[in-house]
Amino acid sequence: MDAGRRPIVVVSNRGPVSFRRDGDQLRAKRGGGGLVSGLGPLVAGTDTVWIAAAMSDDDRAAASGAPVDADGFRARLLALDPVRYRQAYDVVCNATLWFAHHGLFELARRPRIDTRWRQAWDSYRYVNEQFATAVAHDAPVGAAVLVQDYHLCLLAPMLAEQRPDLRLVHFSHTPFATPDGLRVLPSDVRHELLAGMAAHAACGFHTARWARGFEACCDDTLGWVPTTFVSPLASDLDDLRSVAAGPECATAADELDAAVGNRRFVLRVDRIELSKNLLRGFWAFDDLLTRHPEWRGAVTFGAFVYPSREGLPEYLAYRQEVDRLVQDLNSKWATPDWTPILFDPTDHFPRSVAALRRFDVLLVNPIRDGLNLVASEGVLLNERDGAIALSTEAGAFEYLRSAVIPVEPFDVSGTADALHLALTMPAAERARRATAARDIALSRSPADWLRGQLDAAG
């Protein structure tokens, strides 16, 4: 941290560490997710306090009333009422706010704002109250409190009453809905949500587009526009290189070489998540093979994905639909010596890094995405001047647009055309784009993203 900076408190739903029981002992391990991978190395070993929810039974067993040192972090996990936490997390955060910001609602059926939903909103308020109390207790005098994401939008007004000395900044890692998109929420909920965010010193976003969406929603509902800033998160190059140099990555690379051989390699690395648009990516690959028979047997599609939010029925159904589609396409196109889609629905980061090093085409086609670090990870890791086919609805497109092939996420035939263009692009053009993309990706670091929040705190 820079000398003279305020003390820092990070507040997020998912923490920097999680716990698991090993016999009679609880052992800490580094938490998962983009926030931890981006921010963790910057605050580990410092006096930064990181407050998060205890998400499992073992986390709750390890939770205490004060921050503890665990895996290099000063972390405090909050043992929230598990029933109320699940209501807030599943019903409000995952099934409502996530859907609204990513434009995922099938409006003829969802959302359904009924008594059960209102109870969940009360639980969401309860979770924010518990976080506010914990921050008020733990934060050093005059600290910068960096609140992360849509799980904690109501915290600021509650905390300001208890600790007016603190400077609060909110950062949204998702897109932000337009006023029309946010009107799926009742007016009282919409007002409480936006007023809670507007009570921070500033609200940050990965792109100017999402900041404009938030500003428009505030103007529409509150009648005024809060202070915003833009500070995109960057991939941690040192962390990526460390994984790439490890033995697990080397083994995965050997296995991948054996499976792909001399064929061209199209890749996607994603969660099995509705917003990531996996189905249309596979449909586009099917269309590519249908309209361009020269690619049959000559290209392999590696889909290295992992399940997400399977406690929600929409996500479980989506996972099953993805599984069926991959099976159907492999049955349709496979030959005795060629499996068109290499599908691996497990979370194995060294394998993903190995794949990102060797792709010829990286497909990143989300319906909507706050940023998407896979695009920049691919740019930094790839060793073959691979082309990036990137959704115009990913936040990363705002920065990489000059160096990628644009993909409109609902246009299946257009995505197939983008794959064909990428596969046939001359080597000199691929090299030019790859160099330009790397320069853009290297122009920022995770420290720049953190500095943007601290500057906003003042």
Side-chain angles (χ1 to χ4, degrees), residues 32 248-249 251-290 292 295-310 312 314-367 369 372 374-375 377-378 381-382 384 386-391 407 409 412 415-416 418-420 422-423:
E248 286 187 273
C249 189
T251 299
D254 290 341
E255 294 170 350
L256 195 56
D257 286 340
V260 176
N262 293 323
R263 299 181 183 92
R264 307 297 293 280
F265 185 45
V266 174
L267 173 67
R268 78 173 308 134
V269 175
D270 271 316
R271 287 181 295 130
I272 304 176
E273 162 30 79
L274 277 70
S275 68
K276 300 300 183 182
N277 208 20
L278 273 70
L279 293 174
R280 290 187 183 87
F282 292 130
W283 290 330
F285 187 61
D286 179 44
D287 192 51
L288 174 75
L289 298 179
T290 299
H292 296 280
W295 292 120
R296 299 173 195 170
V299 62
T300 296
F301 190 166
F304 298 152
V305 296
Y306 54 98
S308 175
R309 299 183 176 131
E310 292 198 304
L312 297 179
E314 296 94 336
Y315 281 77
L316 182 59
Y318 192 73
R319 160 69 189 271
Q320 294 168 344
E321 191 173 358
V322 167
D323 287 344
R324 285 195 302 271
L325 179 58
V326 170
Q327 292 172 12
D328 290 346
L329 294 182
N330 276 338
S331 296
K332 176 180 180 179
W333 294 112
T335 65
D337 63 349
W338 175 53
T339 300
I341 301 174
L342 297 179
F343 182 70
D344 187 352
T346 59
D347 188 3
H348 188 255
F349 189 56
R351 177 217 57 197
S352 297
V353 168
L356 288 167
R357 292 171 65 186
R358 83 173 317 277
F359 70 80
D360 295 295
V361 183
L362 178 63
L363 177 61
V364 184
N365 68 317
I367 291 171
D369 217 333
N372 198 296
V374 171
E377 289 169 352
L381 285 167
N382 189 254
R384 299 185 174 214
I388 314 288
L390 180 60
S391 170
V407 169
V412 171
T415 302
L419 294 176
H420 181 66
L423 289 166

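Nothing here was measured: the structure is a model prediction, and the numbers come from that model.
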Closest approach of [X] to [Y] (non-hydrogen atoms, all atoms of both residues):
X      : Y      : value
Ala259 : Leu342 : CB-CD1, 3.8 Å
Val407 : Ala418 : CG2-CB, 3.9 Å
Glu273 : Tyr318 : O-CE2, 3.8 Å
Val269 : Ser352 : CG1-OG, 3.7 Å
Leu362 : Ala375 : CD2-CA, 4.4 Å
Pro345 : Pro307 : O-CD, 3.4 Å

Do [X] and [Y] come close enough that some side-chain heavy atom pair is under 4.5 Å?
X      : Y      : value
Val364 : Pro366 : yes
Val374 : Glu377 : yes
Ile272 : Tyr315 : no
Trp295 : His420 : yes
Arg296 : Trp338 : yes
Asp286 : Lys332 : yes
Val322 : Phe282 : yes
Leu419 : Val266 : yes

Aromatic plane relationship, Phe265 with Phe304 - under 30° parallel, 30 to 60° tilted, over 60° perpendicular: tilted

Could you check whether the rings of Phe285 and Phe301 sit parallel, tilted or perpendicular, using 30° and 60° as the cut-offs? perpendicular

Let me confirm one number: the [atom1]-[atom2] distance from [X] to [Y], rounded to the nearest 0.5 Å.
X      : Y      : atom1 : atom2 : value
Ile341 : Arg268 : CD1   : CZ    : 10.5 Å
Asp369 : Ser391 : CG    : OG    : 8.0 Å
Trp333 : Asp328 : CH2   : CG    : 13.0 Å
Leu316 : Ser308 : CG    : OG    : 12.0 Å
Asn372 : Leu390 : CG    : CG    : 7.0 Å
Glu321 : Leu279 : CD    : CG    : 4.5 Å

Carefully, step by step, assess His348 and Glu248 under the rule side chain to side chain contact (heavy atoms under 4.5 Å, CB included). CA-CA 10 Å; His348 188 255; Glu248 286 187 273; 3.7 Å; yes

Check: [X] side chain, [Y] main-chain N or O, donor-acceptor pair, under 3.5 Å:
X      : Y      : value
Asp287 : Ala416 : no
Asp344 : Ala303 : no
Asp360 : Gly386 : no

Salt bridge (Lys or Arg N to Asp or Glu O under 4.0 Å) against Asp323, all qualifying residues, sequence neighbours excluded: Arg319

Could you go through the side chain to side chain contact (heavy atoms under 4.5 Å, CB included) check for Thr300 and Thr339 one step at a time? CA-CA 7 Å; Thr300 296; Thr339 300; over 6 Å; no

Assess whether atom CG of Asp337 is packed by more than 12 heavy atoms of other residues, nucleotides or ligands within 6.0 Å. yes

Check Leu267, Leu423, Ile388, Val299 against Val361 for a side-chain contact (heavy atoms from CB on, under 4.5 Å) and give me the one that passes. Leu423

Would you say Arg358 and Asn382 are linked by a side-chain donor-acceptor pair, where the criterion is simply a distance under 3.5 Å? no

Is Arg384 positioned over the aromatic face of Phe359, cation under 6.0 angstrom from the ring centre and no more than 45 degrees off axis? no

Can we say Asp347 and Arg271 salt-bridge, meaning some charged N sits less than 4.0 Å from an Asp/Glu carboxylate O? no

